[in-house]
Amino acid sequence: MERLGTQFFTAPTLVLTERLLGKVFMRITPSGTVLKGRIVETEAYLGNNDEACHAWRKKTERNRVMFEAPGTLYVYFSYGCHHLLNIVTEPEGIAGAVLIRAMEPLEGIPSMQERRNTTVETALMSGPAKLTSALGIDRSSSGRDLFGNEFFLLDAPLPPPSMICTSTRVGITRSRELPWRKYLADNPHVSKGRPS
DNA sequence: AGCGTGATCTTT
DNA sequence: AAGATCACGCTG
């Protein structure tokens, strides 16, 4: 599988939300373990007119990574215990990101089972905080990008249009009408969270 | 359906 | 300085 470069991320956020489906996220840990997951659920967050976006009002210490170059990772800490992974989109200076909500585990599964403390495969990465836990990602990875030695995005065919579903986003209260969630039909690794 | 848990942002 | 909110997951 070919590694995707900066060119892939030049598309608008709403296009990437769909195009990221089926692509393979990969991390190589410091000890050399290869972890891979296939993206099956995403959501778009945009700085303008999207009140659910961390950067909708202004640039702050927390959200400044959302203004960085496309392909940067934006990881934040939520509810006092969870880390959530986004891939930054839009040209530098413009806030935008795609939240990675679920993946299908492909490689490094024993390591994921250990981190997640379960062997149930559909429980390893079937939610935005589950997958960061499975991959061992926390805020220390925020600001890193997909073009170095640790994080990669590998190309894979876009699933057929008939398999791509759309809904409103999960777990938000503001701007809940926007249909900015994409996921793969009938995939058991899609999160159980229901749209707002 | 309830709640932990702590950073971040808004309001006083 | 204090209060509200929160892109969630697990238990029961």
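Since this is a predicted model, take the numbers as computed values, not measurements. Worth knowing before you read on, the calculation uses all heavy atoms, side chains too, and leaves out hydrogens, waters and symmetry mates. By convention in this document, chain letters (A, B, ...) are assigned in the order of the sequence lines, proteins followed by strands, and residues within each chain are numbered from 1.
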**OP:** State whether a side-chain donor-acceptor pair under 3.5 Å links A/S191 with A/E41.
**Re:** yes
Original post:
Under a 4.5 Å cut-off applied to non-hydrogen side-chain atoms, are A/C53 and A/L46 in contact?
Top reply: no
Which protein N or O atoms sit under 3.5 Å from an N or O of nucleotides 4-6 of chain C?
residue, atom, partner, partner atom, Å
C/dC6, OP1, A/T173, OG1, 3.1

Original post:
Which pairs pass ring-ring contact (aromatic ring centres under 6.0 Å, His included) with one or both residues in residues 94-130 of chain A, sequence neighbours excluded?
Top reply: none
Original post:
Is the closest basic N to carboxylate O distance between A/D155 and A/K23 below 4.0 Å?
Top reply: yes
Subject >> Nearest-angstrom distance from the residue atom CZ of A/R194 to C1' of C/dC8 >> reply: 16 Å
**OP:** Please list, by residue number, the residues of residues 94-107 of chain A whose heavy atoms come closer than 4.0 Å to an atom of DNA chain C; answer none if no residue qualifies.
**Re:** A/L99, A/R101
Original post:
How does the hydrophobic cluster around A/M163 look, that is, which other residues are in it when side-chain heavy atoms under 4.5 Å mark a link?
Top reply: none
**OP:** Let me have DNA chain C in dot-bracket notation, would you? Count Watson-Crick plus G-U wobble pairs, both distances under 3.5 Å, and use [ ] for pairs crossing earlier ones and | for inter-strand partners.
**Re:** ||||||.||||.
**OP:** Measure the distance from NE2 on A/H83 to C1' on B/dG6 and round it to the nearest whole Å.
**Re:** 11 Å
Subject >> Test item: side-chain donor near acceptor, A/T42 and A/K182, under 3.5 Å >> reply: no
**OP:** Please name all residues satisfying side-chain contact (heavy atoms from CB on, under 4.5 Å) with A/S126, sequence neighbours left out, ordered by chain then number.
**Re:** A/K130, A/K192
Original post:
Sequence neighbours excluded, which residues qualify as side-chain contact (heavy atoms from CB on, under 4.5 Å) partners of A/V34?
Top reply: A/M26, A/I28, A/K36, A/E107
**OP:** Measure the distance from OH on A/Y74 to C1' on C/dA7 and round it to the nearest whole Å.
**Re:** 9 Å
Subject >> Side-chain donor-acceptor pair present, A/T13, A/E90, cut-off under 3.5 Å >> reply: yes
Original post:
Are side-chain N/O atoms of A/S167 and A/R181 paired as donor and acceptor at under 3.5 Å?
Top reply: yes
**OP:** Can you run down the ring-ring contact (aromatic ring centres under 6.0 Å, His included) pairs that involve residues 77-122 of chain A, sequence neighbours left out, and say none if there aren't any?
**Re:** A/F77-A/H83
**OP:** In whole angstrom, give the distance that lies between atom NE2 of A/H82 and atom C1' of C/dG9.
**Re:** 5 Å
Restricting to nitrogen or oxygen on both sides, can you table the protein-nucleotides 9-12 of chain B pairs closer than 3.5 Å?
residue, atom, partner, partner atom, Å
B/dC9, OP1, A/T60, OG1, 2.5
B/dT10, OP1, A/R57, NE, 2.7

Original post:
Which pairs count as ring-ring contact (aromatic ring centres under 6.0 Å, His included) when at least one residue sits in residues 163-189 of chain A, sequence neighbours excluded?
Top reply: none
Subject >> From C/dA7, B/dA7, B/dG4, nucleotide with atom closest to A/C81 side chain >> reply: B/dG4
Original post:
Does A/E43 pair with A/R101 as a salt bridge, N-O distance under 4.0 Å?
Top reply: yes
**OP:** Within residues 121-140 of chain A, find the residues that approach DNA chain C with a heavy atom at under 4.0 Å, and present them sorted by residue number.
**Re:** A/G127, A/P128, A/A129, A/K130
Original post:
What pairs of residues pass the ring-ring contact (aromatic ring centres under 6.0 Å, His included) test when at least one of them lies in residues 126-152 of chain A, not counting sequence neighbours?
Top reply: A/F9-A/F147
**OP:** With rounding to the nearest 0.5 Å, note down the distance linking CD in A/E18 to CG in A/L158.
**Re:** 6.5 Å
